[in-house]
Number of protein chains: 2
Amino acid sequence: MRADADLTARARIRDAAVNRFAVEGFGAPLRSIAKDAGVSAGLVMHHFGSKDKLRAECDEHLLATIRRLKRENVAEAAAGQSFFHKFAAVEENAPIVGYVLRSMQDGSPLAREFIDHMVDDAVGYTRDGVAAGVIVPSRDEAARARYLTLSSLGSLLLEVTLNPPSDPHDLGAIVRSFLNNSYLPMLELFTEGFLTSRRMLDEYLMYVPDPPSQDEAAPAPTPG
Amino acid sequence: MRADADLTARARIRDAAVNRFAVEGFGAPLRSIAKDAGVSAGLVMHHFGSKDKLRAECDEHLLATIRRLKRENVAEAAAGQSFFHKFAAVEENAPIVGYVLRSMQDGSPLAREFIDHMVDDAVGYTRDGVAAGVIVPSRDEAARARYLTLSSLGSLLLEVTLNPPSDPHDLGAIVRSFLNNSYLPMLELFTEGFLTSRRMLDEYLMYVPDPPSQDEAAPAPTPG
DNA sequence: CCACCGGCTGAACGCACGTTCAATATGCTA
DNA sequence: TAGCATATTGAACGTGCGTTCAGCCGGTGG
């Protein structure tokens with residue numbers, strides 16, 4: 001609460017932590033974070049109390065940043081490619097993307113909140129798209145939005161996990177290449193589908209109640 | 001080598017390691033693995049040399065088991081649902097699934113090999129399905145197979161990471177509930193698509209060369 | 001001037017972990 | 001029986017980590 005000297009020290013540590021966490025994961029040593037920020041490890045404790053508190057503040061700060069970026073880019077968001085479109089700007093804010101991916105990797109509350117936001121956004125986009133007639137309606141819009149979001153983020157997470165970038169700057173290239181490889185099959189699937197007949201879908205619809213059923217352990221339509 | 005006394009000790013340790021790794025991840029302490037197996041930590045070192053060697057042997061053993069299970073179930077594998085169908089038997093071999101998911105989570109070579117196998121299987125299944133006329137052809141079958149496999153496995157990984165089971169037996173319930181929630185949107189997407197017009201796909205096809213183009217920035221999934 | 005207070009440091013503590021080692025028990029071989 | 005290899009243990013070592021602590025430095029108030 002003092003002058004800028006205080007704030008800059010805290011901010012430097014926080015940013016260094018975000019970068020280290022994004023690159024090495026949350027097992028990154030506190031001492032290397034401190035070194036990146038040009039301070040001692042003790043000072044980190046003095047300012048944040050513990051490593052967990054530091055991470056919590058990073059979470060909070062990143063969530064705020066993400067919300068701001070979303071608000072700024074909400075005009076450009078187009079239905080149908082919204083999940084990916086946001087990551088197109090990954091080059092400029094690679095640390096954020098890396099941090100979020102690391103959060104997904106260890107299932108932190110930030111990942112849960114981020115994903116829930118993405119699902120909510122997807123619900124809105126698909127609702128608009130369906131209303132505009134460019135997206136086919138679903139029998140369970142919420143389930144579809146969650147399915148599409150989890151598929152997109154999950155496959156990205158898997159790809160980055162299998163090919164981890166050493167330099168955080170490489171993350172942009174990896175994400176971009178992933179999108180390039182995904183775009184054709186995704187568009188094909190979205191416009192032409194995958195199955196030629198309705199048989200499997202119709203059979204499934206005969207077995208389960210059609211309304212949106214958030215269920216925990218319903219008897220699956222085990223074929224065979 | 002020797003009598004069953006030797007084998008059982010090694011095997012007990014290996015199985016205990018698989019279980020612990022599946023439940024807690026690969027950071028699980030060697031001492032708790034040893035306790036699960038009813039032996040001392042030193043004996044684990046004596047038999048396996050190091051924790052990494054123990055894990056390598058777990059990897060090897062699981063890959064062999066997976067290959068065997070695949071061979072046994074290959075008759076039941078049906079195109080289009082093959083990725084999921086395999087996991088339907090998750091209740092009986094939850095440790096295997098948990099271990100593989102943990103491997104994906106940290107991007108080990110086992111995960112890479114497992115996924116490459118899954119992609120290869122998907123290529124085969126879709127080829128058969130296309131030949132039989134039940135699956136629509138793709139302009140890049142390899143890319144589609146990889147896309148579908150990464151999406152399925154990635155979303156499952158994400159779901160399990162966000163809702164980690166404490167008891168490995170719960171893993172089956174989580175996977176089953178995930179499949180239940182995914183099945184409708186997946187079947188809808190596979191049979192009815194997502195977009196109502198071909199515009200985005202056609203526009204994309206105008207911009208890129210249509211033949212299968214493996215991007216340069218990404219390490220290509222070079223088969224064998 | 002002195003006293004104080006917060007930013008800041010380096011050294012040290014304590015813990016959990018992988019690993020090593022000397023010692024003991026249990027066979028098998030000659 | 002002696003002798004030797006193997007299975008097994010408990011204690012100890014070394015390390016990396018988060019965290020604690022006593023103290024230094026610089027500015028501010030009295």
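Residue numbering restarts at 1 for every chain, and letters A, B, ... go by the order of the sequence lines.
Side-chain N/O atoms of B:H47 include one lying less than 4.0 angstrom from OP1 or OP2 on D:dT8.
Protein atom CG of B:L43 is 16 Å distant from nucleotide atom P of D:dA11, rounded to whole Å. Remark: C1' of D:dT19 and CZ of A:F48 are 16 Å apart, rounded to the nearest angstrom. Look at NE2 on B:H46: it is 17 Å from P on C:dA25, rounded to the nearest Å. Atom CD1 in A:I13 sits about 13 Å away from atom C1' in C:dT9, given to the nearest Å. One can place NZ of A:K35 at 18 Å from P of C:dC8, the figure rounded to the nearest angstrom.
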Does the protein touch nucleotides 14-19 of chain C at the base, only the backbone, or not at all? Give it as B, S and - per nucleotide, heavy atoms under 4.0 Å.
---BBB

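Atoms CG and OH, on A:L184 and B:Y204 in that order, are 5.5 Å from each other to the nearest 0.5 Å.
Residues B:E24 and B:P29 meet the side-chain proximity criterion, which asks for heavy atoms closer than 4.5 Å. Taking 4.5 Å as the limit, some side-chain heavy atom of A:V100 sits within range of a side-chain heavy atom of A:M104. A:T161 places none of its side-chain heavy atoms less than 4.5 Å from the side chain of B:L157. A:R55 has its side chain within reach of A:S108: a pair of non-hydrogen atoms, C-beta onward, lies under 4.5 Å apart. The shortest side-chain heavy-atom distance between A:D36 and A:N19 does not fall under the 4.5 Å cut-off. Within the 4.5 Å cutoff, side-chain heavy atoms of B:L148 are placed close to those of A:F194.
Within the helix from C:dC1-D:dG30 to C:dA30-D:dT1, the inter-axis angle between the opening and closing five-pair segments is 20°, rounded to 10°.
Between B:D116 and B:R146 a salt bridge is recorded (basic side-chain N to carboxylate O distance below 4.0 Å).
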